[in-house]
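Since the structure comes first, as structure tokens, the remarks are kept for the end.
Remember, predicted model here, so these are calculated numbers, not experimental data. The chains referred to below are lettered A, B, ... by the order of the sequence lines, with proteins before strands, and numbering in each begins at 1.
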Number of protein chains: 2
Amino acid sequence: MLDRTSPVSIKIVAERAGVSTATVSNVLNGKTSVSPVFAERVRRAVDDLGYVTDSSASRLRSGRHSLAGVVVPNLTNPMFSAFVSTLECVARQDGFDLLVVSCDNEAEQEAERLRSIRSWRPAGLIVIPCDGALSARLPKGGHPRIVVADRIPDDAGFDLVAVENALAAGAMASHLAAQGYRTCLVAGSTLEISNVRERWDGVAAVAPESVHMVECGLDPAGIHRRLRDRLRQGPRPDALFTLDHVTTLIAYQLLAELEISIPDDMGFASFDDTEWMRLVTPPVTAVRQPVEDMAHAAWAQLMRRMAGGDGAPEHLRLSCAIEIRGSTLRPKREPKNAAA
Amino acid sequence: MLDRTSPVSIKIVAERAGVSTATVSNVLNGKTSVSPVFAERVRRAVDDLGYVTDSSASRLRSGRHSLAGVVVPNLTNPMFSAFVSTLECVARQDGFDLLVVSCDNEAEQEAERLRSIRSWRPAGLIVIPCDGALSARLPKGGHPRIVVADRIPDDAGFDLVAVENALAAGAMASHLAAQGYRTCLVAGSTLEISNVRERWDGVAAVAPESVHMVECGLDPAGIHRRLRDRLRQGPRPDALFTLDHVTTLIAYQLLAELEISIPDDMGFASFDDTEWMRLVTPPVTAVRQPVEDMAHAAWAQLMRRMAGGDGAPEHLRLSCAIEIRGSTLRPKREPKNAAA
DNA sequence: ACCTCCCTATAAATCGTTTTACGAAGGCTA
DNA sequence: TAGCCTTCGTAAAACGATTTATAGGGAGGT
């Protein structure tokens, strides 16, 4: 792809204004003082030509960056798109543009994305890693500045902003127990994702006996099949608690398909609160993660590092709210198939 | 922000491999042939140091770009995030990274975003403009390569990929009429957005007498208030057709709030199909836009231009599907308040 | 009148890369 | 052995910007 679209460089501007390129640079960056007459001439030339500084050339020489990178597992998950959206907004306020890539939840792609994003020499990276092995996908000696968000890498050497997964999941388990749900099936994509693992641990810590976990995988068809098989075989649990958004979506449809009514036949709760959960009947009880806060915190931490902050890695955990809605409000009467 | 993180340049690699920088470049880009011995030495040095080419320096010298820009009204709207997600995926296959910015539906921000994105000298831009005046926000002489998507700018000089708004909206109006809905209220954000305008025109063309339009604006609180006032005053329409996702969401909640039951008291249909519309009861009839196709087409067109395609601007319109669901299936009995 | 000092504009160096032009070395023919 | 062609590595220039060092010119002091 040859560039024929942007022939307007600082040299052209300088020529048109009848000054040197250094003077143009000084006018635009306000480093050295420039006489009002020259400054005005330069400004007019800039306006006339619609000139904007070439950021990469500028970075190359000055070493001052105005680009940051974001790596997320995917962009269609509303969790992640909200994260990116918030990030984009707050980064811009600090004068940064954002290079956004998604890795489709695949380690291999993540490695390649990280490589290609590093090639732009961003001032820093914010990464929601697709698994724990993030550090294996970075150059051995001296990473770029990185803040990890949402999912916990095996390597504790990164700055980290995540949520209190175990606490929130435990609280949800308590709520279910308090509502009289005795047997609870917990469904999530895979325990290899730290979030799912921590959430399951949180549930298991609260209710060690009556809960079971089913790992459904990442692709929709597989989730549907595994969950359906699990619900058909053996005694039906009193409640279903799904640990991530994709699983929640498919589980909800599956319950309708199997004509299991919520909350009469089965209680239903979800980690990750999205707007449709308020719209369905009954509305779905969910753990609401502070996604925006997470984005703010991650960016703030990255800015601190970029400003030269050099201390030990910081690990921040934000707490979640539990939105109790109709899907877990157990009817007073005993359910039809209790202890079946 | 000073760069202290990436001291590994091609010069360091050359030194370690005991060759010149030109040779390193030749090995990496495969332009000129390099002897196997030297090539291997270089590759080892590259691996050891974790070197990746500085894309901006490379672009600066070679004029070959591997960056494209995307400007969208916002990222939280699932329509737009799906668009960006698809685009990111397909652009990557052609070796491009994506600079993503959102303008919060504000013209002023759009102008600033366009400026800052141009500073990266992208090979091309894909823009969903927030209003019709896009060309006023670009430099007078010679734009960067741009493909406009989804919304129609006043200036017909852009390549364009959008959907058959009027046709689809008209088809929906016909469906409503066929179901026996006689009076229909049409609600959308504002007629200043071309999509809303075209959709409304499409409805009006089919059913010129019994339809009315209400413009609700862009902010949630305003939409809720205006729509509520409109529904309270005067005779209640048989059906409500909302023209964009935000309005749909708020309208749906409002109907529940006003205890208007769907489809008995009122039919309900939406432009923009999102996943929750299948999950609620009754499920919501909606026009499904081919967002992924739109992204594919926009990128393909941009690639064509980047490859030197120089013809007249191309305007492509994709057709939409209508997903008929329970919310517009009128019960056989006469509705309670017919012709009230 | 001369010297000094500040103010401001510019020439030139530089960032990391690609490319062009050159030159060295080796193999071939006559 | 001289001459020529091919192969392959390197020095140096260039891309568009910023920065450092330098120079010119006017003002002010003695």
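Following rounding to the nearest Å, R121(B) (CZ) and dG16(D) (C1') show an atom-to-atom distance of 8 Å. One interatomic measurement links the two molecules: CZ of R41(B) to C1' of dC8(D), which rounds to 13 Å at whole-angstrom precision. If you measure from atom CZ of R59(A) to atom C1' of dT14(C), you get 14 Å, rounded to the nearest angstrom. Regarding R64(B), its CZ atom lies at a distance of 15 Å from the C1' atom of dG16(C), rounded to whole Å. Taking atom CG on L60(A) and atom P on dT17(C), their separation rounds to 9 Å, with Å as the unit. Distance, H65(A) NE2 to dA17(D) C1': 14 Å, rounded to whole Å. The nearest whole Å value for the distance from the CD1 atom in I12(B) to the C1' atom in dC15(C) is 13 Å. The distance from atom NZ of K11(B) to atom P of dG16(C) is 6 Å, rounded to the nearest whole Å.
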List the steps, then state whether side-chain contact (heavy atoms from CB on, under 4.5 Å) holds for V148(A) with D159(A). CA-CA 6 Å; V148(A) 175; D159(A) 284 323; over 6 Å; no
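Side-chain contact between L318(A) and L316(A): present, with at least one pair of heavy atoms (C-beta onward) separated by less than 4.5 Å. Taking 4.5 Å as the limit, every side-chain heavy atom of L99(A) sits out of range of all side-chain heavy atoms of L98(B).
Which of dT18(C), dT19(D), dT17(C) sits closest to the side chain of S62(B) comes down to dT18(C). When each of dC8(D), dA17(D), dG16(C) is scored by its nearest atom to the side-chain atoms of I10(A), the top-ranked nucleotide is dA17(D). Set against dA13(D), dC15(C), dG9(D), the side chain of R61(A) has dC15(C) as its closest nucleotide. For S25(B), whose side chain is taken as the heavy atoms from C-beta onward, the closest listed nucleotide among dT10(C), dT18(C), dT8(C) is dT18(C).
Listed by residue number, the members of residues 14-23 of chain A with any heavy atom below 4.0 angstrom from DNA chain C are V19(A), S20(A), A22(A), T23(A).
Within the 4.0 angstrom heavy-atom criterion, no nucleotide atom of any strand lies near S56(A). Heavy atoms of T32(B) sit nowhere under 4.0 angstrom from any nucleic acid atom.
When each of S33(B) and A57(B) is assigned the nucleotide of DNA chain D with its nearest heavy atom, S33(B) is the one assigned upstream, toward the 5' end. Comparing V24(B) and N26(A) along DNA chain C, the residue whose closest nucleotide (by nearest heavy atom) sits nearer the 5' end is N26(A).
Every side-chain contact (heavy atoms from CB on, under 4.5 Å) that D104(A) has, sequence neighbours left out, goes to E106(A), Q109(A).
Contact check on D131(A) versus R137(A) returns a salt bridge, with a Lys/Arg side-chain nitrogen under 4.0 Å from an Asp/Glu carboxylate oxygen.
By the neighbour-count criterion of 12 heavy atoms within 6.0 Å, atom CZ of R92(B) is densely surrounded, having more than that number from other residues, nucleotides or ligands.
Counting only distance, with no hydrogens or angles, the side chain of R59(A) and the backbone of L67(A) share no donor-acceptor pair below 3.5 Å.
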